[in-house]
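Everything below concerns the one structure shown next.
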Number of protein chains: 2
Amino acid sequence: MTDVAAVSDSAGPVTLGKLDDQGRALLFTDARTANTFADTPVSDEELAAIWELAKWAPTAANTQPLRVLYVRPGEGRDRLVKHMSEGNRAKTAAAPAVAVLAVDTEFHEHIPALLPFRPELKGRFDGQDELRAKHAGFNGALQAGYFILAVRAAGLAAGPMLGFDGPGIDREFFADRPWKTILVVNIGRPGTDPWFDRLPRLTHEDYVEYV
Amino acid sequence: MTDVAAVSDSAGPVTLGKLDDQGRALLFTDARTANTFADTPVSDEELAAIWELAKWAPTAANTQPLRVLYVRPGEGRDRLVKHMSEGNRAKTAAAPAVAVLAVDTEFHEHIPALLPFRPELKGRFDGQDELRAKHAGFNGALQAGYFILAVRAAGLAAGPMLGFDGPGIDREFFADRPWKTILVVNIGRPGTDPWFDRLPRLTHEDYVEYV
């Protein structure tokens, strides 16, 4: 990292500076979605390390609605694969680890612990199913974005997928709790021919404006 | 970055490895949401550099629904501030740059260009307003997560906010196009007392499970 400066405040020093070229390549400019994986196992410690990064990135009112179910090879993975879309089954069945990302639709129960200076915010969500679904959906997806980049930061390749039967996964794994699946991410080291040719991006003029 | 390896495939080398401690501190473990900003200007080149990182992270079917309006000090910022919640007005009025993140609800028009091997996917979204809103909402929020981390990677501090009148911002800036505001992010260098004490995170046992 170049141009690093530590800024001190009451909460301790905070690192500022530009991410160096290797870091940019790893997370953004050179990273790819993996479609095949090597047999190399992914340990529980490696999986835990992903969330130890992702958890620090911000959510509205610090609500942190995202939950993670890590699925390993064996019976758990078999139970998951049958709920994936046909085109995603083979690659999920071959991934050494899979993360089912879900949102806790009762995330508001944690507000008094997570936002100790404003515990009364919980009351705004009590009985408000639609408001909670909207808040959890947006903030959970933000956190899913952090999660994908954290997989890469942890030295692993991510293969995020939206093709699955969400209610089926919820019944299979979350029957006893109010979690709703939002994304499934294969995790491992790249296998043979792991990625497609890179797809185009919209140009700067297409999607960025200034006023 | 430690443990770096280049994996070659038809699309060229891809960088793999663990993000080093400085990079982790900068993006995740040590980064904070800024609530005050120094007067130091943020240049258009710095703003453009954020999106040049964020744009590479993945979206479903490469649809890239996120759009960015960068608002600079002056008349543009005045027009934005009046649509912010009262608690967010002073800090937005003092931020040297602000990004209004929106989703293009007609993102599907770009599918033939962005997914050239499957242009017919556009047809699945034609006339399907609800499906498009759901797809744009989820993928736009994923991209907003990438954007916040890209602000940090670009050496700037981010202050994301959900407290605003979205339809008001849409009428103010996007009256001529189908963009819907999803998040507003103050951008700059930290000012005086820029952050609160760090808030707690859920423990590993609270939100991660294994099967």
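- Contact count against chain A (heavy-atom pairs under 4.5 Å) is highest for B/Ala48 among B/Ala48, B/Ala60, B/Gly140.
- With contacts defined as side-chain heavy-atom distances shorter than 4.5 Å, the pair A/Leu162/B/Asn139 qualifies.
- Contacts of B/Thr29 with chain A are made by both backbone and side-chain atoms, with heavy-atom separations under 4.5 Å.
- Environment of NZ in B/Lys180: sparse, with no more than 12 heavy atoms of neighbouring residues, nucleotides or ligands closer than 6.0 Å.
- With a threshold of 4.5 angstrom between heavy atoms, B/Phe147 does not approach chain A through any atom at all.
- Scanning all heavy atoms of the two residues, the minimum distance from B/Trp56 to A/Phe28 falls at CB-O, 3.1 Å.
- For the set B/Ala61, B/Gly76, B/Ala154, the count of heavy-atom pairs under 4.5 angstrom toward chain A peaks at B/Ala154.
- Of the residues considered (B/Arg67, B/Glu52, B/His135), B/Arg67 shows the highest number of contacts with chain A, using heavy-atom pairs under 4.5 Å.
- Between B/Phe107 atom CZ and A/Leu202 atom CG the span is 12.0 Å, to the nearest 0.5 Å.
- Heavy atoms of B/Ala113 lying under 4.5 Å from chain A belong exclusively to its backbone.
- Interface check for chain A: of the options B/Gly74, B/Ala153, B/Ala99, the most heavy-atom pairs under 4.5 Å are formed by B/Ala153.
- Side-chain contact between B/Leu27 and A/Leu27 is present, with heavy atoms from C-beta onward closer than 4.5 Å.
- For A/Ala54, the part lying near chain B is the backbone, with the side chain staying farther off; criterion is any non-hydrogen pair under 4.5 Å.
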Pair A/Leu114-B/Leu199, side chain to side chain contact (heavy atoms under 4.5 Å, CB included): steps then yes or no:
CA-CA 7 Å; A/Leu114 297 178; B/Leu199 289 165; over 6 Å; no
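- Only the side chain of A/Ile148 comes within contact range of chain B, with at least one heavy atom under 4.5 Å from a heavy atom of that chain.
- Contact count versus chain B (heavy atoms, under 4.5 Å) is highest, among A/Val100, A/Asp44, A/Leu115, for A/Asp44.
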What's the verdict on side chain to side chain contact (heavy atoms under 4.5 Å, CB included) for A/Asn62 and B/Arg201, showing C-alpha distance, side-chain angles and the deciding distance?
CA-CA 8 Å; A/Asn62 199 35; B/Arg201 295 300 188 272; 3.3 Å; yes
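- Chosen from A/Ala144, A/Ala141, A/Ala97, A/Pro58, the residue pairing most often with chain B at heavy-atom distances under 4.5 Å is A/Ala141.
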Stepwise side chain to side chain contact (heavy atoms under 4.5 Å, CB included) test for A/Leu80 and B/Val211
CA-CA 10 Å; A/Leu80 174 62; B/Val211 294; over 6 Å; no
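- Across A/Ile182 and B/Phe138, no two heavy atoms sit closer than the pair O-CZ, 3.6 Å.
- The parts of B/Pro200 that come within reach of chain A are both its backbone and its side chain, each placing non-hydrogen atoms under 4.5 angstrom from that chain.
- No more than 12 heavy-atom neighbours from other residues, nucleotides or ligands sit within 6.0 angstrom of CD on A/Glu130.
- The shortest non-hydrogen separation linking A/Leu142 to B/Gly145 is CD2-N, 3.2 Å.
- Between atom CZ of residue B/Arg152 and atom CG of residue A/Leu19 there is a gap of 12.5 Å, rounded to the nearest 0.5 Å.
- Sparse packing is recorded around CZ of B/Arg124, with 12 or fewer heavy atoms of other residues, nucleotides or ligands lying under 6.0 Å away.
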